[in-house]
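Below, chain A is the first sequence line, B the second, and so on; all start at residue 1.
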Number of protein chains: 2
Amino acid sequence: MEPGDLERQGLRLTRQRRELLEVLRRSPGMLTAEELHRRVAQRQPAVSLSTIYRNLDILTEAGLVCKVEIGDGFARYELRRTEGHHHHLVCVRCGRSESIHCPVTGIEELFGRRGFQVTGHRFVVYGYCPACRDSAGTGPASDGPPGTRAPDRDG
Amino acid sequence: MEPGDLERQGLRLTRQRRELLEVLRRSPGMLTAEELHRRVAQRQPAVSLSTIYRNLDILTEAGLVCKVEIGDGFARYELRRTEGHHHHLVCVRCGRSESIHCPVTGIEELFGRRGFQVTGHRFVVYGYCPACRDSAGTGPASDGPPGTRAPDRDG
DNA sequence: ATAAATGCAAAAAATTTGCAACTCA
DNA sequence: TGAGTTGCAAATTTTTTGCATTTAT
């Protein structure tokens with residue numbers, strides 16, 4: 001997260017990359033590559049979408065960014081803010097999400113008993129955020145993601 | 001799941017659709033559209049991939065099939081066998097998965113307290129299945145999914 | 001008979017990649 | 001200076017769609 005982290009890995013802090021990191025830093029939720037591109041382009045108008053994708057890959061690889069696919073066809077990214085893992089609360093109406101901490105424990109043991117060696121897990125909760133719940137039926141309540149269709153889910 | 005269910009919805013039981021349902025019926029895990037296509041094509045050689053996709057959509061819509069995206073770019077499908085919702089245990093090596101029941105409760109209340117109206121959730125556990133754990137390092141242990149790369153995950 | 005379903009090929013849509021030009025360290 | 005980066009355009013990859021033809025009922 002410090003510029004030094006980048007340098008240590010032989011990565012350069014270019015204008016585009018710096019602005020991408022700043023956009024990520026000031027975004028509380030997860031954003032799609034398109035959204036990030038739009039926001040980065042506000043200050044670096046010539047930035048290309050492929051640069052955004054490439055940097056997101058690089059930063060994910062470097063461990064600074066966390067990529068999640070919630071199942072609607074758009075990968076989302078956010079700054080990795082905590083060391084531990086976390087999960088997501090996703091609004092099916094405006095598409096915004098927030099991090100939540102993991103409400104499940106003992107997974108390794110539970111499935112290890114069946115001979116399954118657990119390496120990780122993901123937990124996503126879908127629903128209506130306070131804003132969207134209140135303004136139900138009046139059209140998307142924001143400059144949310146592109147065409148956010150409710151992802152498939154059980155429950 | 002009964003042929004009658006299809007008829008009731010004005011759907012015809014074509015050769016291709018019947019074979020797709022049979023393939024799904026005898027598959028314990030989730031399969032990608034490609035895999036289903038390959039398997040259906042064993043008995044209905046002329047079946048096209050778009051027919052598979054179209055039928056999967058239709059059957060999902062009809063509630064007979066359940067579609068899940070685990071985050072590696074391939075949507076997976078399986079027969080909806082139980083009424084209640086369920087989750088998945090996914091092998092990051094061979095890509096196969098099995099259903100597990102939900103180990104989390106009280107989600108509605110937990111997030112409802114924050115003003116978030118929960119409509120559903122998804123829980124996916126990643127790791128090595130017994131077969132892949134034992135044969136580690138000897139190449140994929142099966143006719144698993146296409147290029148199964150480990151999905152991104154926390155944990 | 002006829003509405004639904006199919007196959008094919010072309011279209012979409014998200015993401016990746018090749019390459020020459022550029023730029024940060 | 002020169003290896004890492006970028007922009008652009010073209011390519012990939014999964015899934016969807018248009019349309020003429022076939023088929024289940």
Side-chain angles (χ1 to χ4, degrees), chain A residues 3-21 30-38 40-41 43-62 65 67-77 95 145-149 151-152, chain B residues 3-21 30-38 40-41 43-62 65 67-77 95 145-149 151-152:
Chain A
D5 284 357
L6 290 176
E7 288 161 15
R8 231 168 285 136
Q9 312 202 27
L11 299 175
R12 291 180 185 172
L13 193 59
T14 60
R15 272 174 295 129
Q16 296 90 331
R17 195 168 284 167
R18 174 167 41 241
E19 187 58 28
L20 174 58
L21 282 166
M30 298 144 67
L31 296 169
T32 64
E34 278 265 345
E35 293 176 289
L36 287 166
H37 181 223
R38 264 203 303 281
V40 170
R43 291 212 195 173
Q44 298 296 333
V47 76
S48 76
L49 183 53
S50 44
T51 291
I52 300 294
Y53 274 113
R54 261 188 291 232
N55 278 324
L56 288 171
D57 278 357
I58 287 170
L59 294 172
T60 300
E61 191 71 24
V65 159
K67 171 184 180 178
V68 179
E69 295 180 46
I70 62 176
D72 67 349
F74 300 89
R76 320 242 162 172
Y77 305 83
T148 303
R149 45 183 155 121
D152 55 285
Chain B
D5 284 357
L6 290 176
E7 288 160 15
R8 230 168 286 134
Q9 312 200 27
L11 299 176
R12 292 176 185 177
L13 193 59
T14 59
R15 272 172 297 130
Q16 296 90 331
R17 194 169 286 167
R18 175 167 41 241
E19 188 57 30
L20 174 57
L21 282 166
M30 297 144 66
L31 297 169
T32 64
E34 278 265 345
E35 292 177 289
L36 288 166
H37 181 225
R38 267 204 301 281
V40 169
R43 290 211 196 175
Q44 298 297 331
V47 76
S48 76
L49 183 55
S50 43
T51 291
I52 299 294
Y53 273 113
R54 261 187 293 228
N55 278 323
L56 287 171
D57 277 358
I58 287 171
L59 294 172
T60 300
E61 190 71 27
V65 159
K67 172 184 180 180
V68 179
E69 295 180 49
I70 62 176
D72 66 350
F74 301 87
R76 321 239 163 177
Y77 305 83
T148 304
R149 42 181 157 121
D152 55 283

The bend of the helix from dA1(C)-dT25(D) to dA25(C)-dT1(D), taken between the axes of its five terminal pairs at each end and rounded to 10°, is 30°
In whole angstrom, what separates Arg18(B)'s CZ from dT6(C)'s P?
12 Å
On the nucleotide dT6(D), are OP1 or OP2 found under 4.0 Å from the side-chain N or O atoms that Thr14(A) carries?
yes
Is any side-chain heavy atom of Thr51(B) less than 4.5 Å from a side-chain heavy atom of Leu20(B)?
no
Can you tell me if Gln16(A) touches the phosphate of dC24(C), counting only side-chain N or O atoms and a distance under 4.0 Å to OP1 or OP2?
no
Return the value, rounded to whole Å, for the distance between atom CD of Glu34(B) and atom P of dT16(D).
13 Å
Determine whether a donor-acceptor pair (N or O, by modelled atom type, separation under 3.5 Å) exists between the side chain of Arg17(B) and the backbone of Asn55(B).
no
Value in whole Å for how far the P atom of dT15(D) lies from CG of Asn55(B):
15 Å
Euclidean distance, atom CZ of residue Arg17(A) to atom P of dG7(D) [Å, nearest integer]:
11 Å
Of the listed dT15(D), dT25(D), dC8(C), the closest approach to the Leu13(B) side chain comes from dT25(D)
Passing candidate, side-chain contact (heavy atoms from CB on, under 4.5 Å) with Tyr77(B), options Leu59(B), Leu31(B), Thr60(B)
Thr60(B)
Would you say the side chain of His37(A) lies within less than 4.5 Å of the side chain of Glu34(A), judging by non-hydrogen atoms?
no
Please report the distance, rounded to the nearest Å, between CG in Asp57(A) and P in dT12(D).
18 Å
Within the modelled atom types, does a donor on one side and an acceptor on the other bring the side chain of Arg12(A) and the base of dT23(C) under 3.5 Å apart?
yes
Is the closest side-chain heavy-atom distance between Val47(A) and Glu19(A) below 4.5 Å?
no
State whether Thr51(B) places a side-chain N or O below 4.0 Å from either non-bridging phosphate oxygen (OP1 or OP2) of dG7(C).
yes
Per Ser50(A) side chain, nearest of listed nucleotides dC8(D), dT25(D), dT15(D):
dC8(D)
Can you tell me the distance, in whole Å, between the CD1 atom of Ile52(A) and the C1' atom of dT17(C)?
17 Å
Considering heavy-atom distances to DNA chain D, does Tyr53(B) or Arg15(B) have its closest nucleotide positioned more toward the 5' end?
Tyr53(B)
Atom CD1 of Ile58(B) and atom P of dT15(D) are separated, to the nearest Å, by 16 Å
Are Tyr53(B) and Asp57(B) side-chain neighbours, meaning at least one heavy-atom pair lies under 4.5 Å?
no
Round to a whole Å and report the spacing from OH of Tyr77(A) to P of dA14(C).
12 Å
CG on Leu49(B) to CZ on Arg38(B), rounded to 0.5 Å:
10.5 Å
Kindly indicate whether the side chain of Arg54(A) and the base of dG4(D) share any N or O donor-acceptor pair separated by less than 3.5 Å?
no
